[in-house]
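Read the structure below first, then the notes.
Every chain is numbered from 1 and lettered A, B, ... according to where its sequence line falls, protein lines coming before strand lines.
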Number of protein chains: 2
Amino acid sequence: MNSESDFDPDVATWKQLADRLRQAIRSGELAPGQRVPTELSLTQEYGLSRLTVRRALQQLRSEGLIVVVRSRGTFVRSERERVVVILGKGDQVQARMPDPDERRKYRLQEGEPVVLVTRTGGSVEGYGAHGVTVVGG
Amino acid sequence: MNSESDFDPDVATWKQLADRLRQAIRSGELAPGQRVPTELSLTQEYGLSRLTVRRALQQLRSEGLIVVVRSRGTFVRSERERVVVILGKGDQVQARMPDPDERRKYRLQEGEPVVLVTRTGGSVEGYGAHGVTVVGG
DNA sequence: CACGATTTGTTCGTATGTATT
DNA sequence: GAATACATACGAACAAATCGT
């Protein structure tokens, strides 16, 4: 396939690798639930260091495109049920990357933003960004 | 101060360093706009490799707490005006980390999630997560 | 159950490039 | 031009968790 590396020296290699993998995912070449090549095989296939490969994978993780499971491998994210949250009048929504406490509390994946809904009463709800859609009601 | 390193060997060092810096920022010890110690000085102060220091800084960047300016330094994020977006009935909101196209399009900072508002008509608006609050209207 | 193979996580060192001061 | 400071990228090693034999 595309084993040989022809990377543009003007762009960070990890970005270009991320671009290729993202394209492969969007085109369906790498289907949801399917396994992404291991870090080792990617280093060999493209002739890159593991650091560079990991930097690319980290980017895709942060975009919610892949899920990494320690000791098992990396997989294209399966479409998950998206929880729907109805937003009442005056309720507020903010999103950001979580701190470690929030990651635990809302069971977020590495690189997944948290969506915080503050109700008019003052109570706060947190959701993993990759699994929630907020709808005005 | 806290120059000596007493890191818990059971937790990734970069996470612990990130915790300390986050605490310093939240407590005001490092005030908005103020400079964060350079990578080099952090490696020396805590006796860590630069990679470990960078991993910690990358985490804080992803949380929107700091802004890294190449060749200039790292700074505590200044509070920015938050744009308020009113969400109409049926409008939808999703958040995730952007791909490179979206980063350019919506002028997002490194590590800043994008908030996408889809109006009932089908049009889509994108905002930087660190500068927007969505309010139900 | 134990052991080895696989795979990701963390951490060190080193070198070079690029932009600012 | 020199010094400073972040960005990228190589290599190497060990830890930790999972899986098949």
Note: chain A reaches DNA chain D at heavy-atom distances under 4.0 Å over the stretch, first to last nt, 5' to 3', of D:dT8 to D:dC19

For A:Ala56, which residues count as a side-chain contact (heavy atoms from CB on, under 4.5 Å) partner, sequence neighbours excluded?
A:Trp14, A:Leu17, A:Ala18

What is the distance, rounded to the nearest whole Å, between atom CD1 of A:Ile66 and atom C1' of C:dT8?
12 Å

Where at least one partner belongs to residues 127-137 of chain A, residue pairs that pass salt bridge (Lys or Arg N to Asp or Glu O under 4.0 Å), sequence neighbours excluded
none

Who pairs with B:Ser49 by side chain to side chain donor-acceptor pair (under 3.5 Å), at least two apart in sequence or on another chain?
B:Thr52

Give me the bend of the helix from C:dA2-D:dT21 to C:dT21-D:dA2, using the axes of the five pairs at each end, rounded to 10°.
10°

Starting from C1' on C:dT10, measure out to CD on B:Gln16 and report it in whole angstrom.
12 Å

Just by protein heavy atoms under 4.0 Å, how would nucleotides 13-21 of chain C read 5' to 3' in B, S and -?
S---BBBSS

Separation of atom CZ in B:Arg55 from atom C1' in C:dT11, rounded to whole Å
12 Å

Output the rounded distance in Å from CG (B:Leu42) to P (C:dC12).
13 Å

If the condition is salt bridge (Lys or Arg N to Asp or Glu O under 4.0 Å), which residues does B:Asp101 pass it with, not counting sequence neighbours?
B:Arg104

Mind checking salt bridge (Lys or Arg N to Asp or Glu O under 4.0 Å) for B:Arg35 and listing every partner two or more places apart, or none if nothing turns up?
none

In short, side-chain hydrogen bond (donor to acceptor under 3.5 Å, both in side chains) pairs touching residues 64-74 of chain A with sequence neighbours left out are none

Check: B:Gln23 main-chain N/O paired with B:Ser27 side-chain donor or acceptor under 3.5 Å
yes

For B:Arg96, give me all partners under salt bridge (Lys or Arg N to Asp or Glu O under 4.0 Å), at least two apart in sequence or on another chain.
B:Glu102

Could you give the CD-to-P distance, from A:Gln109 to C:dT8, as a whole number of Å?
15 Å

Using the side chain to side chain donor-acceptor pair (under 3.5 Å) criterion, which residues pair with A:Arg103? Sequence neighbours excluded.
A:Glu110

How long is the straight-line distance from CD of B:Gln94 back to NE2 of A:His130, given to the nearest 0.5 Å?
10.0 Å

Any pair counted as salt bridge (Lys or Arg N to Asp or Glu O under 4.0 Å), so long as it reaches residues 7-19 of chain A, sequence neighbours left out
A:Asp19-A:Arg22

Please report, rounded to the nearest Å, how far the P atom of C:dC12 is from the CZ atom of B:Arg54.
14 Å

Closest to the 5' end of DNA chain D, once A:Thr52 and B:Arg61 are matched to their nearest nucleotides, is B:Arg61

